[in-house]
Trainee: 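Quick one: structure below, then a few questions.
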Amino acid sequence: QFVDCRITQNVAHGSSYGNGHGGGLYIVHDSSGSNDTILTNCLLTGNSGWRGGAIALGQHGTVELHTTTVADNQALDKGAGIFDAANAGNPHAQCSNSILWGNTDLTGESASAQIDVPASLSWLHDCIVQSWPDDPADAPIPTLNVLSTNPRFADPENNDYRLFALSPAIDAANNGDISVTTDLNGQPRFVDDPISDDTGTGTAPFADFGPYEYQPPDSGTPGDRIWIGGSSGYFEYDANWYPSAAPQALDTALFARADE
């Protein structure tokens, strides 16, 4: 079991069966099927391989992802995020409250580039997966509450995969599937963001998808100031901003684009 781990910038060399699989993790189990590899509050980014840039499942390989992000990994052939490299032994993946985004293979950033595993025993619940079909009937594996909306990472080009303001991953988790009380940075889980919709399952406050819990800005310290236009069109009116303070010299003013 992996908890609060960062698995980044690893390479699996090779381009044939048994080689080049699983740049981040290559998972093989015995035939009993009783030893799932579990990742909780983990971040897998920048890994690469021939197949399964981040995670490859070998013989009987199984993996569970909880509040984990698999992003911006690369496969030279296919399955950049999570990939079945065995084609035997019933490997499978089960993901909840997690994000699979920006993983690329020969198909680009397709749904299969994010996860390519057998449907039997695999599922996705309460996740964001790039290019995932809107209709669950069209999904290659069973799903429940899976979004394909940009998760809005803070600064992925500089390896910052925290959630940015108004991310659809904020307050969206299924609380019943979360077993930790802090995130990958040691910040508290179950933090309510007053300007994000509560779309999670269970009893509020809801946690967030991925390993990082969004920490709303504090009006008493410099940071992000988000335009909500609550009073009038005047920039300097505190009521137009969240938290309730107009931006000052050390703050960052944030405005949502019309198409977000």
Trainee: Can you tell me how far the CD atom of Gln130 sits from the OG1 atom of Thr149, to the nearest 0.5 Å?
Mentor: 11.0 Å
Trainee: Does a side-chain heavy-atom distance below 4.5 Å link Phe153 with Trp101?
Mentor: yes
Trainee: Can you find a pair of side-chain heavy atoms, one from Asn159 and one from Thr8, that are under 4.5 Å apart?
Mentor: no
Trainee: Would you compute the distance between atom CG of Asp4 and atom CG of Asp183 and round it to the nearest 0.5 angstrom?
Mentor: 8.0 Å
Trainee: What about Phe206 and Tyr212, same hydrophobic cluster or not, with Ile/Leu/Val/Met/Phe/Trp/Tyr joined at side-chain heavy-atom distances under 4.5 Å?
Mentor: no
Trainee: Could you tell me whether a side-chain N or O of Ser112 sits under 3.5 Å from a main-chain N or O of Gly79, the two making a donor and an acceptor?
Mentor: no
Trainee: Yes or no on side chain to side chain contact (heavy atoms under 4.5 Å, CB included) for Thr68 and Leu43, after CA distance, side-chain angles and deciding distance?
Mentor: CA-CA 6 Å; Thr68 287; Leu43 176 68; over 6 Å; no
Trainee: Answer whether the closest heavy-atom distance between the side chains of Asp105 and Phe83 falls below 4.5 Å.
Mentor: no
Trainee: Judged by atom type as modelled, is there a donor-acceptor pair below 3.5 Å linking the side chain of Asn150 to the main-chain atoms of Arg152?
Mentor: yes
Trainee: Of the non-hydrogen atoms in Gly58 and Pro91, which two are nearest, and what is the gap between them?
Mentor: O-CB, 3.9 Å
Trainee: Quick one: pull up SG in Cys95 and CD1 in Ile128 and give me the separation to the nearest 0.5 Å.
Mentor: 13.0 Å
Trainee: Looking at Asp160, I want to see if its CG is surrounded by more than 12 non-hydrogen atoms of other residues, nucleotides or ligands under 6.0 Å.
Mentor: yes
Trainee: Does the Asn103 side chain pair with the main chain of Gly53, one donor and one acceptor, at a distance under 3.5 Å?
Mentor: no
Trainee: With side chain to side chain contact (heavy atoms under 4.5 Å, CB included) as the test, pick out the partner of Ile55 among Ile27, Asn47, Val117.
Mentor: Ile27
Trainee: Counting distance only, does the side-chain N/O of Gln74 pair as donor-acceptor with the main-chain N or O of Gly46 below 3.5 Å?
Mentor: no
Trainee: Do Ser148 and Val129 come within less than 4.5 Å of each other through their side chains, counting heavy atoms only?
Mentor: no
Trainee: Of all the heavy-atom pairs spanning Ala113 and Gly108, show the shortest one and how long it is.
Mentor: CB-O, 3.4 Å
Trainee: Is there a donor-acceptor pair closer than 3.5 Å between any side-chain N or O of Thr201 and the backbone N or O of Asn174?
Mentor: no
Trainee: Restricting to non-hydrogen atoms, name the atom on Pro205 and the atom on Asp192 that form the minimum distance, rounded to 0.1 Å.
Mentor: CB-CB, 3.9 Å
Trainee: Output the distance between atom CD (Gln114) and atom SG (Cys127), rounded to the nearest 0.5 Å.
Mentor: 12.0 Å
Trainee: Consider side chain to side chain contact (heavy atoms under 4.5 Å, CB included). Of Leu100, Ile99, Leu184, which one does Thr69 pass it with?
Mentor: Ile99
Trainee: To the nearest 0.5 angstrom, please state how far the CG atom of Leu76 sits from the CH2 atom of Trp50.
Mentor: 9.5 Å
Trainee: When you measure from the side chain of Ser167 to the backbone of Leu163, do you find a donor-acceptor pair of N or O atoms at a distance under 3.5 Å?
Mentor: no
Trainee: State, yes or no, whether a side-chain contact exists between Leu144 and Trp123 at a heavy-atom distance under 4.5 Å.
Mentor: no
Trainee: Looking at Asn97 and Phe209, would you say the former's side chain and the latter's main chain have a donor-acceptor pair under 3.5 Å?
Mentor: no
Trainee: If you define the side chain from C-beta out and look only at heavy atoms, does anything of Asp116 sit under 4.5 Å from Ile82?
Mentor: no
Trainee: Is the backbone of Thr182 close enough, under 3.5 Å, to the side chain of Asn41 for a donor and an acceptor to pair up by distance?
Mentor: yes
Trainee: Within the side chain of Asn73, is there an N or O that forms a donor-acceptor pair under 3.5 Å with the backbone of Ala71?
Mentor: yes
Trainee: Looking only at side chains, do His29 and Thr62 share a donor and an acceptor under 3.5 Å apart?
Mentor: yes
Trainee: What is the minimum heavy-atom distance between Gly22 and Ala56, and which atoms define it?
Mentor: N-CB, 3.3 Å
Trainee: Given the rule that I, L, V, M, F, W and Y join up when any side-chain heavy atoms are under 4.5 Å apart, are Leu121 and Leu57 in one cluster?
Mentor: no
Trainee: Taking side chain as C-beta onward, heavy atoms only, is Thr67 less than 4.5 Å from Pro211?
Mentor: no
Trainee: For Asp77 and Arg51, what are the C-alpha separation, side-chain angles and deciding distance, and is it a salt bridge (charged side-chain N to carboxylate O under 4.0 Å, His left out)?
Mentor: CA-CA 6 Å; Asp77 187 31; Arg51 292 179 175 175; 2.6 Å; yes
Trainee: Does either side chain, that of Arg189 or that of Asn175, offer a donor lying less than 3.5 Å from an acceptor on the other one?
Mentor: no
Trainee: When clusters are formed by joining ILVMFWY residues with side-chain heavy atoms under 4.5 Å apart, either directly or through shared neighbours, do Ile38 and Val63 land in the same one?
Mentor: no
Trainee: So, does Ser122 use its side chain to make a donor-acceptor pair with the main chain of Ala93 at under 3.5 Å?
Mentor: yes
Trainee: Distance alone, cut at 3.5 Å: any donor-acceptor contact between the side chains of Tyr161 and Asp72?
Mentor: yes
Trainee: Shortest non-hydrogen contact from Val191 to Pro216?
Mentor: CG1-CD, 3.6 Å
Trainee: Write down the atom of Asp198, the atom of Asp171, and the distance for their closest heavy-atom approach.
Mentor: OD1-OD2, 3.4 Å
Trainee: How about Ser96 and Asp126: does a side-chain donor come under 3.5 Å of a side-chain acceptor?
Mentor: no
Trainee: Does a donor on one side chain sit under 3.5 Å from an acceptor on the other, for Asp197 and Thr199?
Mentor: no
Trainee: In the single-linkage hydrophobic clustering (I, L, V, M, F, W, Y; side-chain heavy atoms under 4.5 Å), do Tyr214 and Ile195 co-cluster?
Mentor: yes
Trainee: How far does CD1 of Ile115 sit from CG of Leu124, to the nearest 0.5 angstrom?
Mentor: 4.5 Å
